[in-house]
Amino acid sequence: MKTRKLIAVALAAFSLMLLTSCTLVKFENPGDQQKKQDDAAKLEQVAQRVDPADMLLDDRLIARQLNTSSGLVLASYSVRLPRFDQDGAQSATFERINSVYALELAALQEDCESFFMSVKRDYGDEWESVSTIEGSAGSAVWSYEIMKPPPQYICVEKLYTYTDSSGRQYKYYYPDVFLAETGWRLTFDDLFGSNSTQAENLLGTLLDEWCAELGIKHEKLPSLPLRTFTDNFAIDGSNLIFYSEPFELSTDDPSGYEIKLPLSGFEEYLIG
């Protein structure tokens with residue numbers, strides 16, 4: 001009998017201990033636990049981010065000339081595109097960006113062929129026998145620069161410079177903005193989301209002010225769709241950069257422009 005009483009007392013004491021423990025121990029909500037894990041992962045990704053310029057390997061290159069049978073150069077075509085080390089930090093990001101420029105290089109190989117074909121047509125069927133050229137040989141040059149945007153972005157500014165036979169140069173900018181976390185290429189709408197319309201309206205006002213301040217003719221600006229600019233933009237440390245092509249702002253202006261507008265002016269519309 002005494003033994004049964006002792007067992008009953010022990011069980012009662014054990015039950016009381018469990019109840020007390022349950023009131024003292026705070027069980028974490030699974031959602032909160034997942035959030036902490038996600039936040040920790042994001043912090044780790046930020047810590048692993050590197051300067052893209054430090055990850056560059058040998059450039060992707062095209063270097064070709066169109067020569068006559070005597071060796072006279074009629075035209076040249078050169079390309080320099082980035083290639084990143086994808087075996088180190090942010091490997092998935094740089095692998096995705098590398099795939100973009102691998103495809104682009106293949107497309108430019110075809111563009112080179114088209115460029116040379118147009119030069120051949122200009123000289124006619126006997127182009128290989130041409131002994132002299134008027135002016136200079138035409139050239140097409142693709143180059144790039146790694147920009148320094150805020151750390152959540154990677155930005156590559158590509159420049160296409162075309163020189164015609166008279167020696168006049170025309171410059172066209174083709175930037176790419178990537179999300180550093182994933183390597184996905186971003187559009188203007190990706191940056192501003194549901195605020196895109198407000199950001200576009202602000203852009204229209206700032207473009208007009210920029211041209212007026214620098215004394216740049218821009219009579220064609222009011223009739224240009226803003227998508228002309230938002231489809232082609234870059235980001236550096238303090239600016240959102242847009243581009244105009246030759247004769248785009250004015251029929252009298254053959255220049256292309258880098259239009260740098262303070263990023264701070266757009267911050268209220270940025271998402272993420």
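Numbers for residues simply follow the sequence, beginning at 1.
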Output all residues satisfying salt bridge (charged side-chain N to carboxylate O under 4.0 Å, His left out) with [X], sequence neighbours left out; order by chain, then residue number.
X	value
Lys217	Asp252
Glu200	Arg227
Asp51	Lys148
Glu248	none

Those residues that, when tested against [X], pass side-chain contact (heavy atoms from CB on, under 4.5 Å) (two or more places apart):
X	value
Ser70	Thr68, Leu72
Ser255	Asp253, Tyr257
Ser166	Asp164, Arg168
Leu214	Trp210, Ile216

**Prompt:** Hey, quick one: are Phe178 and Ile146 part of the same hydrophobic cluster, counting side-chain heavy atoms closer than 4.5 Å, chains of contacts allowed?
**Reply:** yes
**Asked** Are Tyr162 and Val141 connected, step by step, through hydrophobic side chains (Ile, Leu, Val, Met, Phe, Trp, Tyr) whose heavy atoms are closer than 4.5 Å?
**Response** no
[atom1]-[atom2] distance between [X] and [Y], expressed to the nearest 0.5 angstrom:
X	Y	atom1	atom2	result
Asp54	Asp85	CG	CG	11.0 Å
Phe266	Asn239	CZ	CG	10.0 Å
Leu261	Leu202	CG	CG	8.0 Å
Leu108	Leu103	CG	CG	11.0 Å
Thr228	Leu226	OG1	CG	7.5 Å
Asn232	Ile259	CG	CD1	10.5 Å

Does any non-hydrogen side-chain atom of [Y] lie less than 4.5 Å from one of [X]?
X	Y	result
Arg49	Gln152	yes
Val156	Glu145	no
Leu270	Leu191	yes
Asp189	Ser196	yes
Thr161	Tyr170	no
Leu66	Val73	no
Val100	Arg185	yes
Leu221	Phe229	yes

**Of all pairs that satisfy ring-ring contact (aromatic ring centres under 6.0 Å, His included), the ones with a partner from residues 80-101, not counting sequence neighbours** = Phe84-Phe94
**Item:** By side chain to side chain donor-acceptor pair (under 3.5 Å) - contacts of Tyr160 (at least two apart)
**Value:** none
Shortest non-hydrogen contact between [X] and [Y], atoms and distance:
X	Y	value
Ala75	Ala137	N-CB, 4.1 Å
Asp190	Thr187	OD2-N, 2.8 Å
Pro150	Leu263	CG-CD2, 4.1 Å
Ser250	His218	CB-N, 4.5 Å
Pro254	Pro246	O-CB, 3.0 Å
Met55	Gly88	CE-CA, 4.5 Å

**Prompt:** Aromatic rings Tyr172 and Tyr174: how do their planes relate, parallel, tilted or perpendicular, breaks at 30° and 60°?
**Reply:** parallel
**Heavy-atom neighbours of Glu213 CD exceed 12 at 6.0 Å** = no
**Prompt:** How does the hydrophobic cluster around Tyr243 look, that is, which other residues are in it when side-chain heavy atoms under 4.5 Å mark a link?
**Reply:** Met147, Leu159, Tyr173, Ile241
**Message:** Could you go through Phe233 and Val177, starting from their C-alpha distance and side-chain angles, then the distance that decides it, and tell me whether this counts as side chain to side chain contact (heavy atoms under 4.5 Å, CB included)?
**Reply:** CA-CA 8 Å; Phe233 69 94; Val177 178; 3.8 Å; yes
**Prompt:** For Glu219 and Thr251, what are the C-alpha separation, side-chain angles and deciding distance, and is it a side chain to side chain contact (heavy atoms under 4.5 Å, CB included)?
**Reply:** CA-CA 8 Å; Glu219 76 277 359; Thr251 54; 3.5 Å; yes
**Request:** Indicate whether the side chain of Asp111 and that of Ser114 have a donor and an acceptor atom separated by less than 3.5 Å.
**Result:** no
**Prompt:** Does a donor on one side chain sit under 3.5 Å from an acceptor on the other, for Ser91 and Gln86?
**Reply:** no
**Item:** Test log, rule side chain to side chain contact (heavy atoms under 4.5 Å, CB included), inputs Gln198 and Glu268
**Value:** CA-CA 10 Å; Gln198 295 98 309; Glu268 64 177 301; over 6 Å; no
**Request:** List the steps and the verdict of side chain to side chain contact (heavy atoms under 4.5 Å, CB included) for Ile154 and Ile97.
**Result:** CA-CA 10 Å; Ile154 293 172; Ile97 295 174; 3.9 Å; yes
**Fill in**
From the list Arg80, Arg83, Lys158, salt bridge (Lys or Arg N to Asp or Glu O under 4.0 Å) with Asp59 holds only for Arg80
**Request:** Indicate yes or no: does Arg64 engage Glu113 in a salt bridge with an N to O separation below 4.0 Å.
**Result:** yes
Counting distance only, does the side-chain N/O of [X] pair as donor-acceptor with the main-chain N or O of [Y] below 3.5 Å?
X	Y	result
Ser139	Ser76	no
Arg96	Thr182	yes
Lys220	Phe247	yes
Ser244	Gly256	no

For residues 115-136, which side-chain donor-acceptor pairs fall under 3.5 Å, sequence neighbours excluded?
{"from": "Ser118", "atom 1": "OG", "to": "Phe115", "atom 2": "O", "distance (Å)": "2.6"}
{"from": "Ser136", "atom 1": "OG", "to": "Ser165", "atom 2": "O", "distance (Å)": "3.4"}

